[in-house]
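Before any comments, here is the structure.
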There are 2 protein chains.
Amino acid sequence: MSVDSVATTENSIREAARKIFLEKGLAGSRMQDIADAAKINKAMLHYYFRSKEKLFHLIFENELNNLFCNLDEILDSPLPILDKIQLIIERDINTLMDCPQLPIFLLNEMSQCPENFLRCAHRIKAFQRYEKFRAQLEEESKQGRIRAVNPDQVFLNMIALTVYPFIAKPFLSSLFNLCERDYAQFMLERKKEVGRMVIESLRPETQTVMQ
Amino acid sequence: MSVDSVATTENSIREAARKIFLEKGLAGSRMQDIADAAKINKAMLHYYFRSKEKLFHLIFENELNNLFCNLDEILDSPLPILDKIQLIIERDINTLMDCPQLPIFLLNEMSQCPENFLRCAHRIKAFQRYEKFRAQLEEESKQGRIRAVNPDQVFLNMIALTVYPFIAKPFLSSLFNLCERDYAQFMLERKKEVGRMVIESLRPETQTVMQ
DNA sequence: GTCTATAATTTGATAGAC
DNA sequence: GTCTATCAAATTATAGAC
């Protein structure tokens with residue numbers, strides 16, 4: 001248990017707020033529900049965090065940071081690009097299986113209020129580090145070890161294939177007719193599926209035989 | 001202009017409600033804002049649609065149907081599977097460039113209230129039609145024209161690569177440092193990028209030379 | 001059908017005792 | 001720091017005149 005997880009009132013409010021906000025979003029959450037979940041009085045929320053918006057932004061920024069410091073470590077490592085890609089995919093799928101509501105929570109609030117996101121985006125290390133990923137892809141491409149690509153398209157492909165199934169779970173589990181257990185298995189299979197797909201898309205064209 | 005677009009009060013409310021709900025979601029929308037957008041009185045909303053929830057579900061189900069009747073046509077066509085895939089990608093990107101908020105609106109409300117979605121999912125033709133897509137992929141695979149695949153993974157890959165960039169636009173345009181115009185161009189490039197990627201992932205393994 | 005006025009309830013926030 | 005009580009504003013919904 002980390003230092004900021006000691007059972008203070010402030011921390012129990014944070015935990016409760018995280019739970020409720022992740023579940024219902026900013027507009028859908030009630031201060032009363034957070035107070036109930038934290039088993040304290042509604043007035044305490046304002047004593048510690050002044051307003052609903054302030055409390056929300058604290059949770060939002062914290063979740064954003066957690067997710068991306070995860071990414072930052074890998075981007076900054078000295079690993080070859082293909083290893084990095086496979087590692088990012090596996091780390092992301094693991095993270096999201098623990099907290100499947102995270103992406104839709106973050107993305108919905110980013111859409112709703114891009115300014116709030118942009119205001120704290122520059123503080124996220126992984127955002128600068130992304131340059132390194134770009135440069136590494138371009139270098140590998142110049143050396144002919146991978147095909148000539150737009151690095152942004154590659155990064156997007158990787159994230160899309162990894163994150164989307166968590167966002168669209170109600171839709172996909174209905175379409176594919178998968179129960180909770182089977183959907184989890186399906187997600188585990190994706191570590192290979194996505195890795196294979198992204199890495200394959202980077203293979204130099206001259207080394208493949210088409211049709 | 002279609003028959004249900006004649007300028008009645010009811011239709012102007014529908015249009016206004018669509019605009020506001022797509023922008024802010026159910027919890028974030030105010031009946032007053034819808035009334036203002038429709039340039040009528042708040043009381044009229046209840047006269048025509050009884051409650052906010054009823055109005056919302058009408059909009060939600062309508063948008064869901066529109067999106068999927070789009071898909072249904074293609075799935076039901078007699079085209080070869082690779083053509084269908086390319087067509088779905090292009091149609092989806094075109095549709096979403098016209099209405100970029102659509103996926104996050106639908107997916108957010110599906111996550112928030114899966115029951116409301118499941119209740120009307122069985123009425124969507126594309127849902128039954130999906131069996132045809134599955135069968136077609138399996139047949140092609142049996143004939144050796146494409147690699148052995150899990151059809152659900154293939155369908156998911158296609159949708160994820162197409163839809164995700166619209167959901168994550170604020171995040172991605174910041175990370176990639178793209179202005180509005182450049183982001184649109186980036187989306188247009190994806191028609192080829194996604195098509196190439198999905199179709200390549202189906203190429204039989206024996207016909208490729210690795211490393 | 002359309003409007004004004006208003007009821008009924010919810011909700012974020014504060015005052016003030018302990 | 002914590003609680004009870006309460007305010008003020010917002011918000012869905014309805015009543016009733018025209």
Side-chain angles (χ1 to χ4, degrees), chain A residues 1 3-63 105 108-109 112-113 115-116 119, chain B residues 1 3-63 105 108-109 112-113 115-116 119:
Chain A
M1 194 181 263
V3 277
D4 35 38
S5 299
V6 285
T8 62
T9 302
E10 188 174 326
N11 279 331
S12 76
I13 294 176
R14 276 176 192 262
E15 266 178 56
R18 179 180 185 277
K19 178 180 175 321
I20 301 292
F21 281 140
L22 273 168
E23 220 167 88
K24 310 252 195 181
L26 171 57
S29 295
R30 300 297 144 227
M31 291 296 262
Q32 187 62 62
D33 295 340
I34 297 174
D36 292 348
K39 285 173 203 157
I40 46 96
N41 194 278
K42 209 172 40 148
M44 297 297 283
L45 300 180
H46 293 94
Y47 176 78
Y48 279 101
F49 299 97
R50 291 216 50 97
S51 77
K52 187 187 176 185
E53 265 68 25
K54 283 207 170 60
L55 178 53
F56 178 82
H57 288 135
L58 214 75
I59 303 292
F60 176 79
E61 196 167 344
N62 196 251
E63 293 302 310
F105 165 76
N108 193 48
E109 300 300 330
Q112 217 60 232
C113 241
E115 319 79 49
N116 288 337
R119 208 177 315 124
Chain B
M1 195 180 263
V3 278
D4 36 37
S5 298
V6 286
T8 62
T9 302
E10 188 175 326
N11 279 330
S12 77
I13 294 176
R14 276 174 192 263
E15 267 179 56
R18 180 180 184 277
K19 178 180 175 322
I20 301 292
F21 281 140
L22 273 167
E23 219 169 89
K24 309 251 195 183
L26 172 57
S29 295
R30 301 294 144 227
M31 291 295 261
Q32 186 62 63
D33 296 340
I34 296 175
D36 294 347
K39 286 174 202 155
I40 47 96
N41 194 278
K42 211 174 35 150
M44 298 297 282
L45 300 181
H46 293 94
Y47 175 77
Y48 279 102
F49 299 97
R50 294 219 39 103
S51 76
K52 185 186 176 187
E53 264 69 26
K54 284 207 169 59
L55 178 53
F56 178 82
H57 288 134
L58 215 74
I59 303 293
F60 176 79
E61 196 167 343
N62 197 253
E63 293 302 309
F105 166 75
N108 194 47
E109 299 300 331
Q112 216 62 229
C113 241
E115 318 79 48
N116 288 337
R119 210 179 313 126

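These numbers were taken from a predicted model, which means no experiment stands behind them. Chain identifiers are assigned alphabetically (A, B, ...) following the order of the sequence lines, protein sequences preceding nucleic acid strands; residue numbering begins at 1 within each chain.
As judged by a 4.0 angstrom heavy-atom cut-off over every strand, B/Thr8 is placed among residues making no nucleic acid contact. If you check every strand for non-hydrogen atoms under 4.0 Å, A/Met31 touches sugar and phosphate atoms only.
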### Message
Let's go through A/Leu55 and A/Phe21 carefully: what are the C-alpha distance in whole Å and the side-chain angles of both, what is the deciding distance for side-chain contact (heavy atoms from CB on, under 4.5 Å) to 0.1 Å, and is it a yes or a no?
### Response
CA-CA 10 Å; A/Leu55 178 53; A/Phe21 281 140; 4.0 Å; yes

### Message
Would B/Glu109 and B/Leu26 count as a side-chain contact (heavy atoms from CB on, under 4.5 Å) here? Give the steps.
### Response
CA-CA 8 Å; B/Glu109 299 300 331; B/Leu26 172 57; 3.9 Å; yes

#### Entry: Audit row: B/Phe105, B/Phe60, side-chain contact (heavy atoms from CB on, under 4.5 Å) steps and yes/no
CA-CA 9 Å; B/Phe105 166 75; B/Phe60 176 79; 4.1 Å; yes

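Heavy atoms only, all atoms of each residue included: A/Leu45 and A/Met31 are closest at CD1-O, 3.2 Å.
Between the NZ atom of A/Lys42 and the C1' atom of D/dA8 there is a distance of 12 Å, rounded to whole Å. Spacing between atom NZ of A/Lys24 and atom C1' of C/dG12 amounts to 17 Å, rounded to whole angstrom units. Distance, A/Lys39 NZ to D/dC3 P: 13 Å, rounded to whole Å. In this structure, OH of A/Tyr47 is placed 17 Å from P of C/dG16, rounded to the nearest angstrom. In this structure, the CZ atom of B/Phe49 is 16 Å from the P atom of D/dT12, given to the nearest Å. Rounded to whole Å, the distance from CG on B/Asp33 to C1' on D/dA10 is 12 Å. Atom C1' of nucleotide C/dA13 and atom CD1 of A/Ile40 are separated by 14 Å, given to the nearest angstrom. In this structure, A/Met44 atom CE and D/dT2 atom C1' are separated by 5 Å, rounded to whole Å.
The residues A/Lys19 and A/Glu15 are annotated as not salt-bridged, no charged nitrogen and carboxylate oxygen being separated by less than 4.0 angstrom.
Contact check, B/Arg30 against D/dT12: a side-chain N or O comes under 4.0 Å of OP1 or OP2. Considering only side-chain N and O atoms, B/His46 lies nowhere under 4.0 angstrom from the phosphate OP1 or OP2 of D/dT14. In terms of phosphate contacts, B/Tyr48 brings a side-chain nitrogen or oxygen within less than 4.0 Å of OP1 or OP2 of C/dT2.
Taking only side-chain atoms of B/Ser51, from C-beta outward, the nucleotide of D/dA13, C/dT14, C/dG1 with the closest atom is D/dA13. Picking from C/dC3, D/dC3, D/dT12 the nucleotide with the shortest atom distance to the side chain of B/Lys52 gives D/dT12.
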